[in-house]
Amino acid sequence: MSKTHQQIIDQLKGCSSTNPMPFEQLLDKTGLQADTLHMVLHQMQHSVPASINSASVTKQGKTQLLIWPTGVLRDSIPYRVVSDQIANRNRELKQQQEQETTMPKNNRGSKPGALNSTLYSLIEQTPGIAHETLVKDALHQYPGETEAHIAKTLSNMVHATKKIVSEGPRGQKTYRIADAPAPAHEPQAATSAAAKPSDDETLHISIDDKNVCLISTQHIDLELTAAQTARLHAFMHRVQLEAV
């Protein structure tokens with residue numbers, strides 16, 4: 001904590017949210033210029049954690065800035081530093097993505113579109129192929145791929161491009177080409193049962209290394225972008241705080 005910050009904290013001793021100090025009084029006590037005091041107070045209030053709080057109160061047409069300490073005495077991290085840390089992390093992630101893009105083919109996943117073509121071909125060759133078998137065959141051809149990315153690609157082919165159709169509950173999913181009829185050996189009763197929601201339906205959530213979230217149930221697959229995943233995290237964090 002800087003000398004000026006400590007000086008302001010000392011002058012605010014005994015103040016609280018119910019007994020704040022007016023800005024003009026603090027200005028007289030510190031002897032600082034008004035612009036300087038405004039700047040320092042802004043830094044102190046927007047640091048992590050904040051060492052002061054303030055509020056503007058209007059009475060009888062006169063607006064007054066009131067200040068009081070939060071009680072936090074340890075050194076705080078300026079908001080600018082936190083922003084720099086976030087920016088540095090974003091740069092690291094971008095560099096990592098660029099490095100993955102420039103890696104040799106045998107050290108990374110398939111080329112864009114190649115995995116889709118391979119999955120389409122495998123499904124076309126074996127209508128009704130099971131999810132586990134399909135993933136295993138794809139991993140054999142592309143050792144650099146991951147099960148999560150293959151599952152995300154299949155979900156995209158089902159819901160976005162609609163090139164393939166998935167059938168059956170999670171753990172028993174099978175795939176076929178969209179314009180191909182269902183395999184003759186597939187019991188009709190099983191298809192009807194799968195279309196009915198159940199109270200014990202399982203929910204599967206996975207997040208890959210690029211912060212893309214895939215949410216799956218027996219009847220639907222939902223893919224969230226990295227930005228949408230971040231918003232979901234923030235929402236859940238806010239819910240947890242409100243529940244405390």
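All residue numbers in this chain count up from 1 along the given sequence. Just so it is clear, the values below take in all heavy atoms, side chains as well, and ignore hydrogens, waters and symmetry mates.
- The stretch residues 7-40 participates, sequence neighbours left out, in these ring-ring contact (aromatic ring centres under 6.0 Å, His included) pairs: Phe23-His38.
- Defined by atom type and a distance below 3.5 Å, a donor-acceptor pair is present between the side-chain atoms of Asp10 and Gln6.
- Inspection of the Thr58 and Thr63 side chains reveals an N or O donor paired with an N or O acceptor under 3.5 Å.
- The shortest distance between side-chain heavy atoms of Leu65 and Val57 does not fall below 4.5 Å.
- The backbone N or O of Leu26 sits less than 3.5 Å from a side-chain atom of Thr30, completing a donor-acceptor pair.
- In terms of hydrophobic clustering, with Ile, Leu, Val, Met, Phe, Trp and Tyr side chains grouped at heavy-atom distances under 4.5 Å, Ile67 and Val40 are assigned to a common cluster.
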Show the numbers, then the answer: is there a side chain to side chain contact (heavy atoms under 4.5 Å, CB included) between Thr118 and Tyr142? CA-CA 10 Å; Thr118 298; Tyr142 300 105; 2.8 Å; yes
Show your working on side chain to side chain contact (heavy atoms under 4.5 Å, CB included) between Lys62 and Lys59 and close with a plain yes or no. CA-CA 5 Å; Lys62 182 181 179 181; Lys59 288 185 178 180; 5.9 Å; no
For Met44 and Ile9: C-alpha separation, side-chain torsions, deciding distance, then whether side chain to side chain contact (heavy atoms under 4.5 Å, CB included) applies. CA-CA 10 Å; Met44 296 175 69; Ile9 292 296; 3.7 Å; yes
Between His149 and Thr153, does the side chain to side chain contact (heavy atoms under 4.5 Å, CB included) criterion hold? Intermediate values first, please. CA-CA 6 Å; His149 184 244; Thr153 303; 3.8 Å; yes
Gln45/Ser54 under side chain to side chain donor-acceptor pair (under 3.5 Å): CA gap, chis, key distance, verdict: CA-CA 8 Å; Gln45 188 169 358; Ser54 67; 2.7 Å; yes
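- A side-chain contact (heavy atoms from CB on, under 4.5 Å) with Leu119 holds for exactly one of Met157, Lys163, Glu124; it is Met157.
- Applying the side-chain contact (heavy atoms from CB on, under 4.5 Å) criterion to Asp28, with sequence neighbours excluded, gives no partner residue.
- Between Arg176 and Glu167 a salt bridge is recorded (basic side-chain N to carboxylate O distance below 4.0 Å).
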